[in-house]
Protein chains: 2
Amino acid sequence: MGYSIKTIAQKSGLSQYTLRYYEREGVLPVVARDEHGNRCFHDEDLELISLICCLKDTGMPIAEIKQFIALSREGVEALPDQRKLLQAHKLQIDEKIKFFQSFAQKIEHKIAYFASLERAAQEQAARK
Amino acid sequence: MGYSIKTIAQKSGLSQYTLRYYEREGVLPVVARDEHGNRCFHDEDLELISLICCLKDTGMPIAEIKQFIALSREGVEALPDQRKLLQAHKLQIDEKIKFFQSFAQKIEHKIAYFASLERAAQEQAARK
DNA sequence: TATTGACTTACACCTAACTCTAAGGTCTAA
DNA sequence: TTAGACCTTAGAGTTAGGTGTAAGTCAATA
C-alpha cells in the first residue's frame with residue numbers, strides 16, 4: 001500500500017526529479033520508505049503536495065515553502081505561525097490578482113489600438 | 001533632451017543592468033545614442049518599456065517579448081501578428097487570474113482549518 | 001538465469017533572467 | 001587638474017529551480 005514515486009509524479013504533475021529534489025531540499029517532509037527503501041507516498045502526502053503546488057504556482061518561493069514545512073514538524077505549537085504565513089501569502093495573491101486585472105486591461109487597450117492602426121492602414125491602401 | 005539610463009531606471013523600476021541587458025538581447029529595440037555614445041531614451045521608449053514590464057510581470061518569457069519587439073521593426077505589415085500575440089497572452093492572463101482565484105480560495109480554506117485546529121488545541125489545554 | 005524496468009543515492013549539469021566587474025571615456029565642479 | 005559622477009562595452013558570475021547521469025539494488029518475467 002502507498003503510492004510509488006511514479007504514481008505521485010503522474011497525480012501531482014511534478015516530475016520524479018522534482019519530487020526527489022523537493023524532499024532533499026525540505027520542500028516536502030521526508031517520505032516513508034517501504035522494505036526495499038523505495039518511497040512510499042500516502043494520501044496525506046498527496047494532499048500536502050497539492051498545497052505545495054498551490055503555493056508554488058501562486059509565486060511562493062521554495063525557500064518559504066520550506067519554512068512552512070519545517071513548522072509542520074513542530075506540531076500544535078507552530079499552528080499560528082503556519083496560519084500567519086498562509087494569511088500573508090493570501091494577501092499577496094490578492095494583490096497579484098489586482099495587478100493582473102489591471103495589466104489585462106492595459107493589454108486590451110493596446111490590442112484595440114493595434115486594431116485601429118490596422119484599419120487605418122487598410123483604408124490608406126484602399127484609397128490608392 | 002532625452003532621458004539618461006539612470007532616469008529611465010528610476011522611472012521604470014528596472015536596473016540599469018537590466019535595461020542594457022534587454023537592449024543587448026533585443027527585448028528592447030536599440031536605443032538612440034547622443035553625441036557621446038550615451039543612451040538617450042525618449043517618451044516612446046518609456047512607454048514601450050512600460051508595456052514590456054507589463055508583459056514580463058504577467059509571465060511572458062523574455063524570448064516571447066523579443067519576438068514581439070522584432071515584429072515592431074517590420075512596421076504595418078506585422079500589426080496583425082503583434083495583435084494576435086497580445087491577444088493570446090491576454091487569454092493566458094485571464095486563465096491565470098482564474099487559477100489564482102481558485103488557489104486563493106483553497107488557501108483560505110486551509111487557513112480556516114488551521115484556525116479550527118488552534119481552537120481545538122486551546123480547548124484541550126483549558127480542560128486540564 | 002539473464003535481462004528488463006522501476007527504484008535508490010550522489011552529484012553534475014542546465015536555463016532563464018539577471019547582476020556585477022573590469023577597463024575605459026567624458027563631463028563638471030572645486 | 002584632479003576628484004567624482006556619470007556613462008560605455010565585453011564578458012564573467014550568480015540565483016532559483018529544476019533536470020540529467022552514473023552506479024547500484026531489487027523483483028518480476030522470457
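In the text below, chain A, chain B and the rest are named by the order of the sequence lines, each starting its count at 1.
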Trainee: Among D:dG18, C:dC7, D:dG11, which is the nearest nucleotide to the side chain of A:N38?
Mentor: C:dC7
Trainee: A:H36 side chain N/O closer than 4.0 Å to the phosphate oxygens (OP1, OP2) of C:dT8?
Mentor: no
Trainee: Should A:Y17 be listed as having a side-chain N or O under 4.0 Å from OP1 or OP2 of D:dG17?
Mentor: no
Trainee: Quickly work out the A:Y21 OH to D:dG18 C1' distance and round it to whole Å.
Mentor: 6 Å
Trainee: Which class fits the ring pair A:F68 and B:F114: parallel under 30°, tilted 30 to 60°, perpendicular over 60°?
Mentor: tilted
Trainee: Would you say a side-chain N or O of B:R24 is under 4.0 Å from OP1 or OP2 of D:dT9?
Mentor: no
Trainee: Please tell me which of the listed nucleotides, C:dT8, D:dT8, C:dA17, lies nearest to the side chain of B:R33?
Mentor: D:dT8
Trainee: Applying a strict under-4.5 Å side-chain criterion to I, L, V, M, F, W and Y, I'd like to know whether A:L117 and A:I111 cluster together.
Mentor: yes
Trainee: With a 4.0 Å cutoff (strictly under), does any side-chain N or O of A:T18 reach OP1 or OP2 of D:dG17?
Mentor: no
Trainee: On DNA chain C, nearest-nucleotide positions of A:S4 versus B:E35: which is more 5'?
Mentor: A:S4
Trainee: Does C:dC7 have its OP1 or OP2 closer than 4.0 Å to a side-chain nitrogen or oxygen of A:R39?
Mentor: no
Trainee: Of the nucleotides C:dT8, D:dT19, D:dT8, which one has an atom closest to the side chain of B:I5?
Mentor: D:dT8
Trainee: Using a 4.0 Å heavy-atom cut-off across all strands, classify B:E25 as base, sugar-phosphate, or nothing.
Mentor: nothing
Trainee: Which of these nucleotides, D:dC7, D:dG18, D:dT19, is closest to any side-chain atom of B:K6?
Mentor: D:dC7
